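It should be emphasised that the depicted structure is a prediction, and the values quoted were computed from it without experimental measurement. The chains referred to below are lettered A, B, ... by the order of the sequence lines, with proteins before strands, and numbering in each begins at 1.
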Amino acid sequence: MYKVGVVKLTSCSGCICEIAYAFAFDDILSNYNITYATILADVEEMGDVDVALIEGSVSSKHHEELVKAARAKAKFVVAVGTCAVLGGIQSLREGSDINTVKKAVYPNPEYIDVYDVPKPVADVINVDFALPGCPINGDALALFLRKYALGGLPVAFYESVCAACKRKGLECVVVSKGIPCLGPVTNAGCGALCPSFGRGCYGCYGLKYFDLNKEKLETFTNRLIELGMGRDDAVALLKGYGFKSYSTIVKGEKR
Amino acid sequence: MIENMKSVLTRVEGEGNIVIYEKEGHVDSVKYEVIEAPRFFEFFVRGKSPDKVVDIVSRICGICGTSYNFVASTAFERCFGVNVDPEIMAVKEAQHLAERVKSHILHVFHLNLPDLVNTKSVVEFIPRNPQLSKRALEVLVWSRRAMEVLGGRMHNVVNIKIGGVHRVPEKSEVEKVAKDLGTVMKSFIEFASFVLSLKAPDEFMQKTSVKPHLVALYPSTLEYPHHSDKVCMDGNVYSLSEFYGNIVKYLHVPHSTAIHCRVKGTESYVVGPIARFNQFYNRLSKEVRDFIETYGWKAPLSNVLQSFVARIAETYETLLMLEKFFDTYRTRPAPSTAIPEKGEFTCEYAVEAPRGILYHKYVVRDGKVVMGDIIAPTTQNVAAMDDIATTVLRGKKVDAGVVDMARKIAVSFDPCLSCSVHALPVKIIRV
Amino acid sequence: MGVEKVVASSSELFVGNFRDLEAIARLLQKSFDGAKLYGYKLQNDRAVFGELSSVSELPLKVADVQKPGSYRLVSGIRFRHGSGSPKVYLLPPEHAFIVVSQNYDIAELYNGVKEGAILFGIKPCDRKAIEILDRIIYGKNPVYTKRRDAVKAIVVEECLEPAETCFCSAVNAGPTISTGFDVAYARLHEDLYLFKFGSSLGEKILSRVGVKKAEESHVKEYLELVNKATSTMNTRVPSTKNVQDNLKARVNDKKFWEEVSSKCVGCGNCNYVCPTCFCIEIEDRIEDGYSKRVGMWTGCRTYTYGLVAGGHFRRDLYTRFRHFVLHKFTFYPMQVGDVGCVGCGRCSVWCPLGIDLKETLNRLTEVKVQ
Amino acid sequence: MKEAQKVASFEFKKAVITNKIEEAPGVYTYTIKLSEEFKALPGQFDMLHVYGLGEVPISLSNIPMVRNGFTIIQHTVRVMGAVTRAIISRLTIGSFIGIRGPYGNGWPLKDVEGKDIVIVGGGIGMAPLRPIIKYIEQNREKYGRVNILFGARTPNDLLYKYELNSYGAIPNTKLMLSSDTPAPGWPHHVGFVTDLIDKLDVDIKNAVAFVCGPEVMNRVASRKLLGKGFRKEDIYVSLERRMRCGIGVCGTCQFGHYFICKDGPVFRYSDIEEYFLIEGM
Ligand SMILES: Cc1cc2nc3c(=O)[nH]c(=O)nc-3n(C[C@H](O)[C@H](O)[C@H](O)COP(=O)(O)OP(=O)(O)OC[C@H]3O[C@@H](n4cnc5c(N)ncnc54)[C@H](O)[C@@H]3O)c2cc1C
Ligand code: SF4
Ligand code: SF4
Ligand code: SF4
């Protein structure tokens, strides 16, 4: 039996539900035991675990401590979901003054204590495996758990949403309909959901940070504009769910 | 404390604490602290085009994200004057209904059941009653498949847009889940029978009469509340803008990143299953009522710890609604919708999310959202949670039983999976 | 495997109409025990490659308008191809090789398809692509091999008016066909078909259908169209020799490759749609206590290509972009004795960024080597 | 075209692990028992299959031996990722493993009889070179002088430490070791293994070199050997690229027009120089 801890940071909890779904399979229940998950069990502190699933982005000192403690207690740490892997949708606030942001939402901004920009988990601790997705695909998590239980890991494929789109026999919505789509620059993993509903991908698995640089992002932005988007909308769409990768690419920091 | 805020925005879910204020060893008051870091959706919907906002807001809540894109898209449709074909609307509604099934089952099975059967978690319960667990998980997995077929995935569906849906799935795709509905219904009944035969631990509640207002959407048809532009509080009907603009006042309290809502700034109110169930019991199908009544339950439920009964009834009703939807299902081309590039629009609408009324209001100017106001169910319930817990527990000796009850009250509200937190860490503060 | 090598090919043309096409399909299916037809068809208003319930499913009333990065269907009679190709049948996007039990016993091995297949209405470039795939993976990839063996007959539609992005004639892959088929046809007008045979089977079928010899005016019109198509397409790209010489000369011209690949984001669409790209990734999926090994399309322009544990041999996109061009024009000839590009233009049309292979080839030969 | 003669396939043989020894941190040598005949040349590799996880190309690190009707083969595996992780952490004596092979061409030992031999290996690259040493040991008279140059990041990362000395004891054989980093009590060279090429003790005109290591090492070694006067035709390098099938199906191991799995992994330097010098080939 592997012990699993689920740590929740800033997120919508969609990934937590996908985790709950992955734990609906017999073979997973027979190999894993969730010993810590504030949503699922009355346990207030995480003990030693084999696998820590960390969901959400790091938004405060408190989170930072949680994450470090998890690292210390877990043999294997998985960043689960686009929030944990890349910062997630809440990073859309990056670039705006945090006080302006607070004031826009709260009458008493001084009550609110958060980082200017949320951090991906890997900015705070070493992460052993990353599963992006907003939310992650519970089946992909199940696959990971099955392979981990065998001592291995899923083979990592670094590809665009287009790979799944073509393998599903879908027709490219950009080429055949002129619909703006982030598929070409977005991490695969969703199984090309949006194109299969005839719409453009909006990038919820995060930008393909490993393959892009500033110039390429710029050409891609121009392509979106060519397809009828305003520049602001195009940039906002690209920032969307993987802002962390967007900003590092734009700043040319790392690849 | 600031009262009577205009344009106040809210957020919900996430991490929370129970804070028990203690006076000489006895409970003085109880507060639920939402400490989840805010994400500022109301800030970054600004400047975005309405169609993008529909996708963005679904990330406010992972459990009921479909409620968010449902209500946002419908709000925009109404103010832009987009006519949505009823059959297309039905596909959009069905995604939301499937989500309700998922959310209720998750709550009743994963969160509430452990309280009813006195285990620490569902993880402990599963080996104890694997057969029944299987039934619950079957319903959950089916709801996932239904959401996948209709909306792409179990969370943050991708098939809702202004004007309806992006694609109406093929009949053959829908058939794949529709054909299993019968079996799932059986699994559900088996699970529900078990749950309904359990007794809610209500010894505290019976002795006190805590009467927050009950608020649910007022359905325009004779159906059970689903989505609407009218609100019904204790039998009185208000327009959304009247209710959320004038009747409710918003308070930003130091112990919470969520805003509190109170009627006239003082009285708390409850939204969600129990508010719907108690006010609109007669609109449930007879089949559902008969089933509930076999186990000795009926409206009005006397306290919030019994809200699981309402959830079970609603799940049943929702499965029946989906059955009707599948029976007449046919595919058709999805319409394309143009968003007006010029002009100013105020858009508002509300839907009954699993946890209660979800109200959205946007101002759109020249094709861009300039203001977004989102009032989520939990935001509306936290004041009632504080009040109920305080009234029920005040004067009691602070011990494990008190803490446990405070926890149970929170759980029964299901203030959104992540902050309902079966294990809200407890802080005891001496006053 | 379909189509005998020794061909009773004829340059003789016969004339007929759609009913004759139907008869050809019927007779072929009868000769092969009800083999299934595979070809292009419209499904929800889009062109796909798949099983045809009958030849009337062929996209006879549409034409495609193809441009780099854009594809539309309009009414007309000149349908060329969609993003799919016979590769979709022969090397399905996901194909299982083997199923293994936890005990390392082989529970299932890919054993081929039951029914025979007739490729119907595929294009000369498609046929050429199959020939290239045959040479590179036939006898190696068991799935391809067995599916290829199931192909009993090949009916080709020649292209009388190429799309804007086509250049098959420049790489010897069209617009007409002279070997490797049973029956070929060209649509001179909406319901005026010219037929020819490419094998004794084809000859037999045509004689049973009873098509008449084409009239001289038909032949003249046909040849005019073919010549026009050929000469237009030939000017679109440099000669293969020229391309190859320049590839050799500037294989190390990093600046050039960075420039031509500057828009490429490595999405791999070009690979997936290319009828001769055969590269696959392999994944072991655990299902019901068994492990299933599945091959899935991948391509050299995706990041994973060149990735190894602890490093990456082609991290820079330009190196992967370059590999595609080199493979098609330099390496394929060394591997299989023929250029690996059949000039169908799919890679350019289905590139969401509209990166045009023709342009790359032209720049390759026009811009001076640094 | 005829119906496929013999279709290559993903069918594998089921083998049992009979021994597992730790060579260095994260590196283990597995001895595997097969009930069938299994012949392989030094330098060839197998695809090792782990249930549910996949396959990895791993060189044979010894010449197959026949014992009591079983074939005994050895593989030295370094933990890297998805599959090797499971091999190292899960497979022990008595475990099953799937094996397909042998694949690839191997070192051309028959063609170079009578010549002096230089062996240059770094890190896990020592594994495919070990069978050469074993082969020469068994056929000592067929070859001239032998120089073995092995290196690793630290002395502890060297493989086959328990038998390295015996290599030096083979007649007319010189063993030279190196460590990238200094370590207490390390009597040998500190620096890159390729530095040792300066100390070669062979007749360069009549010698061949077998090189296997990380790509950088391969490049430096080749360059230095050429500088020493080796002909391009006399240098052999074993290469690696992503490899998913081992039988020319997946295409991902292409290196120029070569498929490393079928045309390699061992290449004559003269045949690959053109590609070898191009970045990102
Ligand atoms: C001809 C040849 C002989 C080899 N011999 C040995 C040996 O004797 N001992 C040893 O420890 N290692 C050897 N390797 C390297 C070994 O194959 C890789 O370390 C291993 O494939 C990593 O697999 P993984 O699944 O653990 O890693 P991941 O990074 O998860 O790789 C996923 C998949 O990619 C492929 N892959 C990744 N890295 C490589 C690589 N370097 N080479 C080829 N395919 C790769 C494999 O198919 C692998 O399953 C050899 C490689 C080649 C090409
Ligand atoms: S390289 Fe492009 S033009 Fe050539 S065959 Fe492939 S897809 Fe067609
Ligand atoms: S062009 Fe690339 S993907 Fe296509 S076959 Fe060649 S190497 Fe494979
Ligand atoms: S389709 Fe275009 S952008 Fe995508 S990999 Fe190919 S050339 Fe690059």
Interface residue of largest heavy-atom contact number with chain C, from A:Arg167, A:Arg146, A:Glu226, under 4.5 Å: A:Arg167
Between A:Ser176, A:Ala163, A:Gly178, who has the most heavy-atom pairs with chain C when the cutoff is under 4.5 Å?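 Option with the greatest count: A:Ser176.
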I'd like to know if the side chain of C:Arg72 and the backbone of A:Val175 have a donor-acceptor N/O pair within less than 3.5 Å.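 Indeed, once roles are kept as given, a pair shorter than 3.5 Å links the two residues.
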Answer with side chain, backbone, both or neither: which region of [X] has an atom nearer than 4.5 Å to a non-hydrogen atom of chain C?
{"X": "A:Ala188", "result": "neither"}
{"X": "A:Arg223", "result": "side chain"}
{"X": "A:Leu150", "result": "side chain"}
{"X": "A:Lys208", "result": "side chain"}
{"X": "A:Glu171", "result": "both"}

Does atom [atom1] ([X]) have a neighbourhood of more than 12 heavy atoms from anything else shown, all under 6.0 Å?
{"X": "A:Phe76", "atom1": "CZ", "value": "yes"}
{"X": "C:Asn103", "atom1": "CG", "value": "yes"}
{"X": "A:Lys3", "atom1": "NZ", "value": "no"}
{"X": "A:Lys168", "atom1": "NZ", "value": "yes"}
{"X": "C:Glu108", "atom1": "CD", "value": "no"}

Between [X] and chain A, which part of the residue has a heavy atom less than 4.5 Å away: side chain, backbone, both or neither?
{"X": "C:Val349", "result": "both"}
{"X": "C:Ser262", "result": "backbone"}
{"X": "C:Leu73", "result": "neither"}
{"X": "C:Arg46", "result": "both"}

Among [options], which has the most heavy-atom pairs under 4.5 Å with chain A?
{"options": "C:Gln102, C:Lys263, C:Lys67", "value": "C:Lys263"}
{"options": "C:Ser261, C:Gly69, C:Ser83", "value": "C:Gly69"}
{"options": "C:Cys267, C:Ala47, C:Pro93", "value": "C:Cys267"}

Salt-bridge contact C:Arg320-A:Asp211 (side-chain N to carboxylate O under 4.0 Å): yes
Enter the distance from [X]:[atom1] to [Y]:[atom2] here, rounded to the nearest 0.5 Å.
{"X": "A:Cys162", "Y": "C:Asn271", "atom1": "SG", "atom2": "CG", "answer": "11.5 Å"}
{"X": "A:Phe220", "Y": "C:Cys264", "atom1": "CZ", "atom2": "SG", "answer": "11.5 Å"}
{"X": "A:Lys166", "Y": "C:Asn269", "atom1": "NZ", "atom2": "CG", "answer": "4.0 Å"}
{"X": "A:Phe157", "Y": "C:Met296", "atom1": "CZ", "atom2": "CE", "answer": "3.5 Å"}
{"X": "C:Thr302", "Y": "A:Tyr158", "atom1": "OG1", "atom2": "OH", "answer": "12.5 Å"}
{"X": "C:Tyr305", "Y": "A:Glu159", "atom1": "OH", "atom2": "CD", "answer": "14.5 Å"}

Do you know the tightest heavy-atom contact between A:Ser160 and C:Gly266? OG-O, 3.9 Å
Compare every heavy atom of A:Lys216 with every heavy atom of C:Leu317, then report the nearest pair and how far apart it is. CD1-CE, 3.5 Å
Taking the six-membered ring for Trp, are A:Phe210 and C:Tyr303 parallel (under 30°), tilted (30 to 60°) or perpendicular (over 60°)? tilted
Do the side chains of A:Val155 and C:Glu283 get nearer than 4.5 Å, heavy atoms only? no
